[in-house]
Amino acid sequence: MWGLLPLYWALLEPAGATEVLAHRMVWSLPTALVILAALRRWAWVRPLLRDPRRLALIALAAGLISVNWGLFIWAVGSGKVIEASLGYFINPLISIAFGVLLLRERLRPAQWVAVGIGALAVGVMTVAYGRLPWLSLALAVSFALYGLIKKGVRLDGVASFGAETAVQFLPAVAFLVFLGSRGGATFTTEGTGHALLLSFAGLATALPLIFFGGAAVRLPLSTIGLLQYLAPASMFLLGLLAFDEEMPPERWAGFLLVWAALCLLTWDALRTARRSRARLRAAAAAASARAPRTGGGKAGGTVSDEAARPADRPAVAGAPSDPAKS
């Protein structure tokens, strides 16, 4: 669904990118409120309101995701869907760089090589476009920073969506009122169908997030990370096949380098997950061997079951935290 969003934003012409962004913000809040009411998930509100630090982080996260949304909507209207897809392809590499620079994380050799290949790809794309691929970099950096900040907010997907859209709502309404007063709004001038499409921008934003949240608790993190490559891959194919954007050989070279870096990251993540699973199994076997022998009674069985339990979920325990993202 994330990968197909360019088709939806293209339907909203002749609305400009800023108007589409404002409607996306405005209609996301009632969508979030309906979801929260259906789930009866309000317990997070009071603790958040009592924590100025987390409120500031929510406001900063809302600002960053607004920049990300706005750039992507503008890219669709400007015929730069492929360049936008590049931003989401290189996002994992930017996230890794932030981990090293800001969180003092240590990289494995394969990760260093992948980051190096990614830097080379940016250089190749700079030559291909005749300029720095600023749109791709801005999308990647804004989303990576957004993910970094959300680590400190500690809210689940639906609650975080509700909090961020609450911050976005009033500025977006103010902009739409200003736009309407100047006669630049299309909400009431382009027919009922156009107005409905703008109104459903909030649902188009919320549905992928809801499904992602549901998948996150049902699938191994390594699987989720791999599936997240589908979004930029779909955007790339849409730009190439549906929007007829140009792809000269030098741009293909840049994309191939990025894909090589992502393949290396994926291989390293899966290898690390397998090693973690092996260590968990070894630890479970050692704990089982040390358990007191009670003749097969209930107590002995309980110790063995508890020792083996971590190995029942190896992919989650040993998976990369987020190999694809943002």
Side-chain angles (χ1 to χ4, degrees), residues 1-4 6 72 81-101 103 105-129 132-133 135-144 147-148 208 212 215-216 219-241 245 247-278 314-326:
M1 296 177 79
W2 271 319
L4 295 176
F72 184 68
V81 175
I82 289 179
E83 189 173 351
S85 75
L86 177 64
Y88 292 108
F89 275 125
I90 66 175
N91 178 73
L93 303 172
I94 298 293
S95 296
I96 288 174
F98 282 171
V100 173
L101 297 175
L103 303 179
E105 294 179 355
R106 298 180 63 183
L107 299 187
R108 296 183 293 273
Q111 291 175 312
W112 276 116
V113 174
V115 171
I117 295 174
L120 178 62
V122 171
V124 171
M125 296 303 287
T126 299
V127 174
Y129 281 103
L132 195 69
L135 175 62
S136 304
L137 292 173
L139 285 168
V141 169
S142 60
F143 203 88
L148 185 67
F212 177 79
L219 294 175
L221 291 181
S222 55
T223 303
I224 294 229
L226 290 174
L227 288 176
Q228 287 183 52
Y229 290 130
L230 289 176
S234 299
M235 295 173 195
F236 176 82
L237 291 175
L238 284 177
L240 190 65
L241 302 176
E245 296 184 15
M247 272 295 288
E250 57 271 22
R251 292 185 192 174
W252 277 110
F255 269 92
L256 287 172
L257 284 171
V258 170
W259 295 334
L262 294 178
C263 287
L264 183 59
L265 278 181
T266 302
W267 168 79
D268 180 68
L270 294 176
R271 182 185 62 167
T272 302
R274 284 195 296 269
R275 289 178 176 177
S276 297
R277 288 195 293 268
V316 174
S321 59
D322 198 354
K325 280 193 179 183
S326 319

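Remember, it's a predicted structure, so these values are computed and weren't measured experimentally.
Put simply, the side chain of Glu245 gets close to the backbone of Val81: a donor and an acceptor are under 3.5 Å apart.
Taking all atoms of both residues into account, the shortest heavy-atom contact from Phe72 to Leu139 is N-CD2, 3.9 Å. Of all the heavy atoms in Leu120 and Leu257, the pair that sits closest is CG-CD1, 3.9 Å. Minimum interatomic distance between Pro6 and Gly3 (heavy atoms only, all atoms of both residues): CD-O, 3.3 Å. Taking each heavy atom of Ala140 and Ile90 in turn, the nearest pair found is CB-CG1, 3.7 Å. Heavy atoms only, all atoms of each residue included: Ala84 and Leu135 are closest at N-CD2, 4.3 Å. Heavy-atom minimum distance, Gly254 versus Ala121: O-CB, 3.7 Å.
Atom CZ of Phe255 sits about 11.0 Å away from atom CG of Leu262, to the nearest 0.5 Å. Note: Met235 CE to Ile82 CD1 = 12.5 Å, rounded to the nearest 0.5 Å. A distance of 10.0 Å separates CH2 of Trp112 from CD1 of Ile96, quoted to the nearest 0.5 Å. To the nearest 0.5 Å, atom OG1 of residue Thr272 and atom CH2 of residue Trp267 are 8.5 Å apart. The CG atom of Leu265 sits 9.0 Å away from atom CZ of Arg108, with the distance rounded to the nearest 0.5 Å. The OH atom of Tyr229 sits 15.5 Å away from the OH atom of Tyr88 when rounded to the nearest 0.5 Å.
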Margin query: Set out, in order, the CA-CA distance, both residues' side-chain angles and the distance that settles side chain to side chain contact (heavy atoms under 4.5 Å, CB included) for Leu230 and Trp2, then state yes or no.
Written below: CA-CA 9 Å; Leu230 289 176; Trp2 271 319; over 6 Å; no
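Under the rule for a side chain to side chain donor-acceptor pair (under 3.5 Å), the partners of Glu83 that lie at least two apart in sequence or sit in another chain are Arg131. With sequence neighbours excluded, the residues satisfying side chain to side chain donor-acceptor pair (under 3.5 Å) with Arg271 are Asp268.
Using a 4.5 Å heavy-atom cutoff, the side chains of Met247 and Phe236 are in contact.
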